[in-house]
Asks: 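The structure is given below, and queries will be raised subsequently.
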Amino acid sequence: MESIEMNQQVLPSQPEGESDSFVRRVRRAATTVLGNSETGRQVRALCDEHVSARNLIAQDRAAGSLVLAVVGATGQGKSWLVRQLIRDSPMKDSIRSGNNLDQTTEQLVWVGPQPPADLDARFETYVRVSSDEMEPFGVPYLLVDAPGATDDRKAVVDVARRALSLASAIILVVRRDQIRGQTPGVLAVASEGTIVLPVVNAVADGDDAVGADVDAFVANLRTVAPTSVIARPILCDDFFLSEESEATVGARVSGELVKRLKAELENNPDSDRRRSVKLEALDNRFRAALSGLLAEKLPGLTRAVERLNEEATKLPGQVAQTLVGADGPLAAAVRSRLRLSLLTSIGAIWFPFRTVLGVLNLTSGAWDRLLLSLSGSLPSLVSTIYTSTKMLAGDRNASEEIRTGLQRRSSAAVSDRLGPLARQFRDELELLRTSDSETPSAMPGSTRSNEAQVASLSGIEALQERSHSIFEAAIEQNAIRWATPFALVGTLIFWTLMAGPFVALYKEYIAASFDSLATTGQLHEHVMERFPKPEFAMVLTSLVLSILPTAIFAMFAISAAQSKKRTGAVIEQIRDQHDEAIRSLQREGVLCLRWDEPLLSDAEFLMSAGRM
């Protein structure tokens with residue numbers, strides 16, 4: 001069964017609506033890109049088969065009854081087992097065996113008290129058997145006798161696949177001498193997500209190797225169908241070689257089979273979960289079949305898409321890595337924010353230490369010139385102003401780089417990296433359409449300039465918002481924690497040095513004020529002369545002498561706040577969290593490439609749909 005032997009990929013499950021939308025897009029892309037070519041028709045036929053198979057799984061044709069499908073290769077004893085389950089019914093003789101070619105089952109045979117809904121006479125037949133004449137199960141059930149899985153006729157293959165889609169549980173019949181064949185594993189893969197009960201038929205007495213072979217058989221089934229429930233096989237004696245009669249062997253096997261199935265269904269009651277797994281496995285096989293078909297029919301176009309996809313997958317992450325910029329601009333931005341964090345952590349009450357710290361924050365990197373400027377050197381003062389302005393501009397440039405630089409880099413990277421590959425892709429596509437007797441001008445969008453932007457990077461805004469949060473969080477976590485003690489010490493330094501001149505001035509002022517209030521007449525003019533009249537140079541000198549140690553201490557505070565170790569820790573944290581944010585946005589599909597050319601978008605989607 002070619003359609004059952006499709007390779008399987010482990011993919012996340014899709015809701016039914018999403019799968020339908022996916023298939024419709026595949027069909028639309030095949031029509032747009034491949035036109036009415038043979039490959040295009042095969043892709044659309046594959047879509048039709050997949051939709052039909054999903055509908056079979058989704059519908060309940062048995063009106064709530066259990067459906068037990070008996071499947072296996074041709075000549076394994078499936079019909080014989082069905083007859084044993086209805087051995088009390090006179091209709092058992094209507095179940096044909098497949099021992100002879102003219103008796104091989106070619107239809108899906110339904111057996112039970114009521115027929116399934118929407119019976120298709122072309123591929124299905126119904127044998128009415130009352131519940132009293134069937135092996136007692138405790139709940140209503142229908143048996144389905146499927147055609148042999150080794151039949152190479154497409155109609156028979158489709159019927160067998162239909163049985164697998166409808167079944168609540170599958171009874172996999174295999175002869176002892178064919179237990180190592182490939183067909184049982186293929187059937188198990190196709191029945192992914194279902195309860196599978198193997199029945200090993202025609203086991204001879206004294207077969208010492210059957211235990212080891214059955215263990216290997218079960219292990220193989222569980223490997224190829226990991227989401228199926230593989231029950232322990234039932235061994236059926238070969239009644240032709242046994243002393244027991246066929247009726248005795250059949251009654252024992254059917255009774256054990258019903259007992260095992262009831263136990264498995266009780267232990268795995270979630271039919272919705274099993275149906276979801278079956279739909280997921282069906283979607284996986286559809287993607288694998290689509291990928292295999294296109295790789296076989298369109299090898300050149302497939303290789304071009306693989307190269308394009310490889311670059312398109314890596315490009316968003318690589319471009320986004322540059323959001324934080326190079327180490328130089330990033331370190332400058334980090335140091336600036338660490339200094340600002342220190343400044344904002346100090347209250348206005350700590351005067352003038354906070355004021356001095358703010359001035360030094362603006363002139364960070366030019367402290368040596370600042371000290372010279374305070375001595376009255378005009379060239380040093382000009383140099384200080386120039387350096388401060390330059391550093392402020394550098395901080396603004398760093399912020400701008402973090403804020404808007406990625407848009408420019410992403411556009412340039414997309415053009416440089418994907419432009420040549422996109423041109424090669426168009427060449428392969430035009431060659432394909434030309435080989436199908438269609439001119440290149442008939443291709444939608446083919447007149448678009450090869451130099452135009454083929455794709456754009458989406459999710460930049462989301463990444464920038466997350467990057468800003470990461471940057472601020474890293475600064476907050478690594479900022480200096482003892483800003484208030486710094487402010488206290490700096491303030492004490494200033495006012496300790498300024499206390500002497502201030503105390504002396506206020507002492508003389510207060511004494512002169514009392515004298516002025518206590519005296520009258522001619523002595524008043526002499527009293528006024530006792531008020532202090534400090535020289536401006538003395539006041540300025542006192543202020544400079546007090547501010548200078550405070551400024552030096554503030555330099556140490558800023559140095560501690562933006563130390564190399566602290567700055568390095570912030571940068572490392574920003575880069576690590578930024579990498580994780582990029583991976584998260586890519587997993588969520590937020591940060592990705594959006595194709596700007598419709599034809600290129602459809603062709604890329606179609607060729608890569610099998611590997612999505």
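The chain is numbered in sequence order, starting from 1. Model, not experiment: these values are computed from the prediction.
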Asks: With Gln114, which residues qualify under side-chain contact (heavy atoms from CB on, under 4.5 Å), at least two apart?
Replies: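 Listed in chain order: Ser65, Leu142.
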Asks: Val26 and Leu606: side-chain contact (heavy atoms from CB on, under 4.5 Å), yes or no, with the steps?
Replies: CA-CA 6 Å; Val26 170; Leu606 178 64; 4.0 Å; yes
Asks: Write out all pairs satisfying salt bridge (charged side-chain N to carboxylate O under 4.0 Å, His left out) with one or both partners inside residues 466-476, taking only residues at least two apart or from two chains.
Replies: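 Non-adjacent pairs meeting salt bridge (charged side-chain N to carboxylate O under 4.0 Å, His left out): Arg337-Glu472.
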Asks: Would you check if Val334 and Ile574 make a side-chain contact, meaning some heavy-atom pair closer than 4.5 Å?
Replies: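 They are in contact (side-chain heavy atoms under 4.5 Å apart), so the answer is yes.
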Asks: For residues Ala581 and Ile470, report the shortest heavy-atom separation together with the two atoms involved.
Replies: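 Heavy atoms only, the tightest pair is CB-CD1, 3.9 Å.
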Asks: Kindly say whether Val67 contributes a backbone atom to a donor-acceptor pair with the side chain of Ser168 at under 3.5 angstrom?
Replies: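 Pair found, side chain donor or acceptor close to backbone of Val67.
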Asks: Could you check whether the rings of Phe22 and Phe286 sit parallel, tilted or perpendicular, using 30° and 60° as the cut-offs?
Replies: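 The arrangement is perpendicular - the two ring planes meet at more than 60°.
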Asks: So which heavy atom on Ala146 is nearest to which on Lys78, and how close?
Replies: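 Closest pair (atom of Ala146, atom of Lys78, distance): O-CE, 3.1 Å.
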Asks: Sequence neighbours left out, what passes side-chain hydrogen bond (donor to acceptor under 3.5 Å, both in side chains) with Glu572? Give chain and number order.
Replies: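 For Glu572, no residue satisfies side-chain hydrogen bond (donor to acceptor under 3.5 Å, both in side chains) once neighbours in sequence are set aside.
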Asks: Output all residues satisfying salt bridge (Lys or Arg N to Asp or Glu O under 4.0 Å) with Asp576, sequence neighbours left out; order by chain, then residue number.
Replies: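 Partners of Asp576 by the salt bridge (Lys or Arg N to Asp or Glu O under 4.0 Å) criterion come out as none, since no residue qualifies.
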Asks: Is there side-chain contact between Ile195 and Leu197, with at least one heavy-atom pair below 4.5 Å?
Replies: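 No, every pair of side-chain atoms sits at 4.5 Å or beyond.
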Asks: Hey, mind stepping through Val111 and Asp145 against side-chain contact (heavy atoms from CB on, under 4.5 Å) and telling me if it holds?
Replies: CA-CA 8 Å; Val111 180; Asp145 185 11; 5.7 Å; no
Asks: Find the distance between CD1 (Ile234) and CG (Leu257) and round it off to the nearest 0.5 Å.
Replies: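 Rounded to the nearest 0.5 Å, the CD1-CG separation comes to 4.5 Å.
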Asks: So Val570 and Phe471, do their side chains get closer than 4.5 Å, heavy atoms only?
Replies: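 When only atoms from C-beta onward are counted, Val570 and Phe471 do not touch, as no gap falls below 4.5 Å.
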Asks: Roughly how far apart are Leu46 CG and Arg285 CZ, rounded to 0.5 Å?
Replies: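 If I round to the nearest 0.5 Å, the distance is 12.0 Å.
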Asks: CG of Asp48 to CZ of Arg27: how many Å apart, nearest 0.5 Å?
Replies: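 With rounding to 0.5 Å, CG (Asp48) is 4.5 Å from CZ (Arg27).
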Asks: Are side-chain heavy atoms of Leu221 and Leu172 found at a separation under 4.5 Å?
Replies: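 With C-beta onward as the side chain, the pair touches.
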Asks: What are the two closest heavy atoms between Val590 and Ala462, and how far apart are they?
Replies: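 The pair with the smallest heavy-atom distance is CG1-CB, 3.9 Å.
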Asks: Applying side-chain hydrogen bond (donor to acceptor under 3.5 Å, both in side chains), name anything that partners Arg41, two or more places apart in sequence or on another chain.
Replies: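 If we apply the side-chain hydrogen bond (donor to acceptor under 3.5 Å, both in side chains) test to Arg41, skipping adjacent residues, there are no hits.
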Asks: Testing the basics here: between Val214 and Pro233, what is the closest heavy-atom pair and its distance to 0.1 Å?
Replies: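 In terms of heavy atoms, the two residues are closest at CG1-CG, 3.7 Å.
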Asks: Checking Arg28 now: which residues fulfil salt bridge (Lys or Arg N to Asp or Glu O under 4.0 Å) with it, not counting sequence neighbours?
Replies: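 Arg28 satisfies salt bridge (Lys or Arg N to Asp or Glu O under 4.0 Å) with no other residue.
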Asks: Residues two or more places apart in sequence or in another chain: which of them pass side-chain contact (heavy atoms from CB on, under 4.5 Å) with Asp215?
Replies: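 side-chain contact (heavy atoms from CB on, under 4.5 Å) check on Asp215 returns Arg232.
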Asks: What's the shortest heavy-atom distance between Pro198 and Ala231, and which atoms?
Replies: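 What the structure gives for the nearest pair is CD-O, 3.4 Å.
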Asks: Once you round to the nearest 0.5 Å, how far does CG of Leu143 lie from CH2 of Trp110?
Replies: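 It is 10.5 Å, given to the nearest 0.5 Å.
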Asks: Might you point out which heavy atoms bring Ala167 and Thr194 nearest each other, and give the distance in Å?
Replies: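 So the two residues come closest at O-CG2, 4.0 Å.
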Asks: Using the test ring-ring contact (aromatic ring centres under 6.0 Å, His included), find all partners of Tyr126 that sit at least two apart in sequence or belong to another chain.
Replies: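 Tyr126 satisfies ring-ring contact (aromatic ring centres under 6.0 Å, His included) with no other residue.
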Asks: Show your working on side-chain contact (heavy atoms from CB on, under 4.5 Å) between Val139 and Lys262 and close with a plain yes or no.
Replies: CA-CA 10 Å; Val139 294; Lys262 289 176 66 177; over 6 Å; no
Asks: Are any of the side-chain heavy atoms of Asp283 and His50 separated by less than 4.5 Å?
Replies: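 Asp283 reaches His50 side chain to side chain.
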Asks: Taking Ala219's backbone N and O only, do any of them form a donor-acceptor pair with Thr223's side chain (distance below 3.5 Å, no angle check)?
Replies: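 Here the side-chain-to-backbone pair exists.
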Asks: Report the distance from atom CG of Leu34 to atom CD of Gln42, rounding to the nearest 0.5 Å.
Replies: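 Atom-to-atom, Leu34:CG and Gln42:CD are 10.0 Å apart.
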Asks: Among residues at least two apart in sequence or on other chains, which ones pass salt bridge (Lys or Arg N to Asp or Glu O under 4.0 Å) with Arg44?
Replies: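 With sequence neighbours excluded, Arg44 shows a salt bridge (Lys or Arg N to Asp or Glu O under 4.0 Å) to no residue whatsoever.
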Asks: Please tell me if the side chains of Asp213 and Val200 come closer than 4.5 Å, counting only heavy atoms from C-beta onward.
Replies: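 No, too far: nothing below the 4.5 Å cut-off.
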Asks: Please report the C-alpha distance between Tyr141 and Leu261 in whole Å, then the side-chain angles of each, then the deciding distance to 0.1 Å, and finally whether the side-chain contact (heavy atoms from CB on, under 4.5 Å) criterion is met.
Replies: CA-CA 12 Å; Tyr141 70 97; Leu261 281 177; over 6 Å; no
Asks: Please list, chain by chain and in numerical order, all residues satisfying side-chain hydrogen bond (donor to acceptor under 3.5 Å, both in side chains) with Arg335, sequence neighbours excluded.
Replies: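 None.
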Asks: To the nearest 0.5 Å, tell me how far Leu585 CG sits from Leu463 CG.
Replies: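 If I round to the nearest 0.5 Å, the distance is 6.0 Å.
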Asks: With sequence neighbours excluded, what pairs up with Gln573 under the side-chain contact (heavy atoms from CB on, under 4.5 Å) test?
Replies: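 Gln573 satisfies side-chain contact (heavy atoms from CB on, under 4.5 Å) with Ala474, Gln477, Asn478, Gln577 only.
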